[in-house]
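Keep in mind that the numbers below use all heavy atoms, side chains included, and drop hydrogens, waters and symmetry copies. First listed ligand is number 1; within each ligand, the first listed atom is number 1.
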Amino acid sequence: MRFIETRGNNGKQKQEVAFSEAILSPISSFGGLYSPKELPHLGYDFLQKHINSTYKELAFDLLNMLNIDIDADTIKEALDLYDKFDNPGNPVPVTHVKDKLYISELYHGPTRAFKDMALQPFGYLLSSLAQKKQENFLILAATSGDTGPAALETFKNRKNVQVVCLYPSGGTSDVQRLQMVTEDAKNLKVIGINGVFDDAQNALKKLLASKDFNLALKEKNISLSAANSVNFGRIIFQIIYHIYSYLELVRQDAIKMGEKVYLDVPSGNFGNALGGYYAMKMGLFVEKIIIASNENNVLTKLIKEGKYDLRDSKVISTTSPAMDILKSSNVERVLFDLFGCVRTKELMDSLDTDLYYELTSSELKLLQQFFDADFCTKEEDSRYIQEAFYDNQYLMDPHTATCFKAYESCADKKLATIAYSTAEWTKFSPTIAKALKDQDNLSDKEALELISKQAEVSIPPMIRQLFTKTIVQTDVVNKEEIAKEILGFLS
Ligand SMILES: *Cc1c(COP(=O)(O)O)cnc(C)c1O
């Protein structure tokens, strides 16, 4: 698989690059993203062949078909990281919740959120590429709370990589913050930013593009890369579980092979949804991908009306903070795939300068062949958490709950829906305690204990241990000071 640029080529960058280049140096012309030049078609036979495969067997064969420039042993070793999940034989359990709704649980990895699905193998891959090239890499990650812990976990003590993770101070849950600030491996640095997630993400994008910063790193013999969700090294691992979940439904006799399903995805930066889109493009039997949002509903407006409108939008802080995002980076890859690089550049330039773009009616029609969308308010979200627990004995986090609204309004109930659960209840316990027991202002620790009792589930050890671990990462800085802080860490 070769990669080309979503906003076209500036005459200085290479015309196309291999997978390894796209993940090590993800910056492309005009601020665009590397995207697959073409995708293979999987077809019925591929799915049928893997009806009884393990997750790793399916993943290996899929990556093989995608024909990336990584040797088979390295791919196998990267996939072995799924052995760290609760049940290595079935890292992604799919559960029936009610009528035609199934939930695919993506949170059974070491940091209890779905970011592990991609970052676990990605971290291994990147470090092994760096070692082979005998180069040192600085990996930057901006997080609203789940990417940070997952990136730190996957890169800790790995060779030839150092990681700096930026998070909005005060913008994460206690558990998420503790997962980051208690990481003590020497190659990791965690920096709190005075600001919101978009500030952290914008700071990261600026650093990646900054000549001065890159030069300062060069003097230290360090190259710069990013572990944000636009890195294709993450996206590629997010295609697999959509296919696996589909096969699970076939195995559970919920559908027959070839029957169409909805994929219902709680979306922020659109990495998860993009993985589903590529799976659909490669021939997975998908009726539509339903984009679930919270009150930051720019994507609902894009998919319903064809308008990406940030003119009066400010980030609203919700109970599903990993989705409190306005500039949903990976949407650009869908635009590119559907409308080409010239039009994508035009639209993205317009978003940069006017904070707005509008699709033509034929473009919107095409987009709607693949996607539908709805959003969920805080009150609705809380009600879905409550109903799922008391009516269906299903305990879920507030991100997962956004899918329920979208399921109700978008899915034709003749077909099955696979909704994705992107975080374990332990990561957002105060919100769940409020929904289930109407208890306000509980700390994470109090809420964890309350829910554990109420739902008769135990708190996993990696979460329980956080509260007694030493805090070693204490820096909180203003945006302007980030570069200095990072260079200080590296010397
Ligand atoms: C990252 C995240 C999302 C959003 O996923 P995208 O791939 O960025 O759309 C949703 N829920 C949780 C819990 C997350 O951590």
- Should you measure from each heavy atom of Ser267, which atoms of ligand 1 turn up under 4.0 Å away? 9 (O)

- Query: If you count the atoms of ligand 1 from 1 in the order shown, which ones are under 4.0 Å from a heavy atom of Asp146?
  - Reply: 12 (C), 13 (C), 14 (C), 15 (O)

- Quick check: are there more than 12 heavy atoms from other residues, nucleotides or ligands sitting under 6.0 Å from CD of Gln393? yes

- Query: Which option out of Arg112, Lys115, His399 puts a heavy atom nearest to atom 3 (C) of ligand 1?
  - Reply: Lys115

- Task: May I ask you to identify the nearest protein heavy atom to atom 12 (C) of ligand 1, giving residue, atom name and distance to one decimal place in Å?
- Result: Thr422 OG1, 3.3 Å

- Are Ile240 and Val92 close enough, and set up right, to give a side chain to side chain contact (heavy atoms under 4.5 Å, CB included), and what steps lead you there? CA-CA 11 Å; Ile240 304 159; Val92 180; over 6 Å; no

- Query: Counting heavy atoms only, which part of Ala113 comes closer than 4.0 Å to ligand 1: side chain, backbone, both or neither?
  - Reply: neither

- Please report which non-hydrogen protein atom sits nearest to atom 5 (O) of ligand 1, along with the residue it belongs to and the distance in Å to one decimal place. Phe114 CE2, 3.5 Å

- Message: Using ring centroids (six-membered ring only for Trp), state whether Phe232 and Phe3 fall under 6.0 Å.
- Response: yes

- Query: Non-hydrogen atoms of Pro266 versus ligand 1: any pair closer than 4.0 Å?
  - Reply: yes

- Apply ring pair (Phe, Tyr, Trp, His ring centres under 6.0 Å) to Tyr277 and list each qualifying residue two or more places apart in sequence or on a separate chain. Phe370, Phe371

- May I ask you to list the atoms of ligand 1 that are less than 4.0 angstrom from any heavy atom of Asn272? 7 (O)

- Query: Does the pair Lys479/Asp199 count as a salt bridge with the N-to-O cut at 4.0 Å?
  - Reply: yes

- Task: Evaluate whether atom NZ of Lys206 has more than 12 neighbouring non-hydrogen atoms of other residues, nucleotides or ligands under 6.0 angstrom away.
- Result: no

- Message: Measuring from atom 6 (P) of ligand 1, which candidate in Tyr107, Phe428, Phe270, Tyr420 has the nearest non-hydrogen atom?
- Response: Phe270

- Query: For ligand 1, which atoms have a heavy atom of Ala322 less than 4.0 angstrom away?
  - Reply: 2 (C), 12 (C), 14 (C), 15 (O)

- How far is atom 9 (O) of ligand 1 from its nearest protein heavy atom, and which residue and atom is that? Gly268 N, 2.7 Å

- Query: If you count the non-hydrogen atoms of other residues, nucleotides and ligands that lie under 6.0 Å from NZ in Lys84, is the total more than 12?
  - Reply: yes

- Please determine which of Asp146, Asp116, Asp397 meets the salt bridge (Lys or Arg N to Asp or Glu O under 4.0 Å) test together with Lys427. Asp146

- With a cut-off of 4.0 Å, which atoms of ligand 1 are near a heavy atom of Gly271? 6 (P), 7 (O), 9 (O)

- Any idea which protein heavy atom is nearest atom 8 (O) of ligand 1, and the distance to it? Asn269 N, 2.8 Å

- Query: Under the criterion salt bridge (Lys or Arg N to Asp or Glu O under 4.0 Å), which of Glu380, Glu379, Glu295 is the partner of Lys405?
  - Reply: Glu380

- Message: Within ligand 1, which atoms have a heavy atom of Ala423 less than 4.0 Å away?
- Response: 13 (C)

